[in-house]
Amino acid sequence: MPDSRFLLGVVGGATAVLVLGGIGTHLLSSTQSTTSLDTYDTVTVDGRKALAPNIVAGRTESLYHPLPWVGVKVHVSCPEGLKVHVSCPEGLKAQSGATLTCTGRRTDGTTLDIPVTVVRVTDTHLTWKFER
């Protein structure tokens with residue numbers, strides 16, 4: 001009888017660890033971001049307020065590969081002229097449903113397209129997501 005309780009405890013403990021790991025992975029693998037639309041983070045695209053391309057690229061890079069088993073490792077470009085690894089061709093328009101395709105460069109040199117879509121817009125914030 002004591003052996004069966006031990007086995008039940010081991011199985012229960014392993015199940016709890018797997019569930020918590022799955023929840024943690026889900027929380028850390030978010031592809032959605034809410035960013036403020038202030039004078040430092042915005043540009044104008046076609047006469048409309050838009051989130052600056054370097055802000056979109058930087059946030060995408062930080063969320064694209066949060067854990068070794070989630071996403072593909074990509075890097076963001078730096079304004080100082082260093083190698084460009086993720087770039088967005090223009091700002092992301094502050095208009096619900098607006099889309100933009102950023103380009104990422106994997107560490108092996110190959111490229112990938114990263115579609116970005118605006119989910120929600122208020123006067124002060126833009127909520128957007130990207131596809132992994």
Side-chain angles (χ1 to χ4, degrees):
M1 191 71 149
D3 290 334
S4 63
R5 280 193 234 164
F6 175 76
L7 183 59
L8 183 62
V10 168
V11 171
T15 302
V17 167
L18 288 174
V19 168
L20 290 175
I23 290 170
T25 297
H26 176 72
L27 293 174
L28 290 173
S29 65
S30 173
T31 61
Q32 187 166 305
S33 179
T34 299
T35 310
S36 64
L37 292 171
D38 57 28
T39 57
Y40 304 106
D41 297 334
T42 58
V43 296
T44 302
V45 175
D46 298 332
R48 298 185 64 84
K49 190 184 279 190
L51 191 59
N54 64 319
I55 301 297
V56 177
R59 189 67 179 147
T60 300
E61 191 269 340
S62 71
L63 291 173
Y64 204 85
H65 183 65
L67 299 167
W69 56 90
V70 177
V72 176
K73 188 170 186 176
V74 293
H75 296 284
V76 69
S77 61
C78 296
E80 294 82 27
L82 299 174
K83 284 185 173 181
V84 175
H85 296 286
V86 171
S87 61
C88 301
E90 61 184 4
L92 181 59
K93 292 180 188 176
Q95 177 181 357
S96 189
T99 61
L100 177 69
T101 301
C102 297
T103 303
R105 184 169 302 279
R106 295 180 181 101
T107 54
D108 66 1
T110 59
T111 61
L112 64 128
D113 289 339
I114 305 171
V116 179
T117 306
V118 175
V119 177
R120 196 175 103 227
V121 180
T122 67
D123 290 339
T124 59
H125 289 85
L126 178 76
T127 301
W128 54 280
K129 67 178 181 175
F130 65 88
E131 300 298 324
R132 187 176 286 120

Hydrophobic clustering (ILVMFWY, side-chain heavy atoms < 4.5 Å, transitive) - are Leu100 and Val43 grouped together? no
Can you list everything that forms a side chain to side chain donor-acceptor pair (under 3.5 Å) with Thr99? Sequence neighbours excluded, please. none
Could you measure the distance from the OG1 atom of Thr39 to the NZ atom of Lys49? Nearest 0.5 Å is fine. 9.0 Å
Taking salt bridge (charged side-chain N to carboxylate O under 4.0 Å, His left out) as the cut-off, I'd like each qualifying pair that reaches into residues 111-127, sequence neighbours left out, listed once. none
At their closest point, which heavy atom of Cys88 faces which heavy atom of Pro53, and how far apart are they? O-CB, 3.6 Å
Joint hydrophobic cluster, Leu37 plus Trp128, side-chain heavy atoms closer than 4.5 Å: yes
Mind checking whether Leu112 and Val56 sit in one hydrophobic cluster, side chains of I, L, V, M, F, W, Y counted as touching below 4.5 Å? yes
Separation between NE2 (His125) and OG (Ser33), nearest 0.5 Å, reads 10.0 Å
Side-chain contact, heavy-atom cut-off 4.5 Å: Val118 with Gln95? no
Rounded to the nearest 0.5 Å, what separation is found between the OG1 atom of Thr42 and the CG atom of Leu92? 12.0 Å
Do Val45 and Leu51 land in one hydrophobic cluster if side-chain heavy atoms of ILVMFWY residues count as linked below 4.5 Å? no
How far apart are the closest heavy atoms of Ala94 and Arg48, and which atoms are they? O-NH2, 3.8 Å
Can you tell me which residue pairs pass the salt bridge (charged side-chain N to carboxylate O under 4.0 Å, His left out) test with a partner in residues 32-46, sequence neighbours excluded? Asp46-Lys93
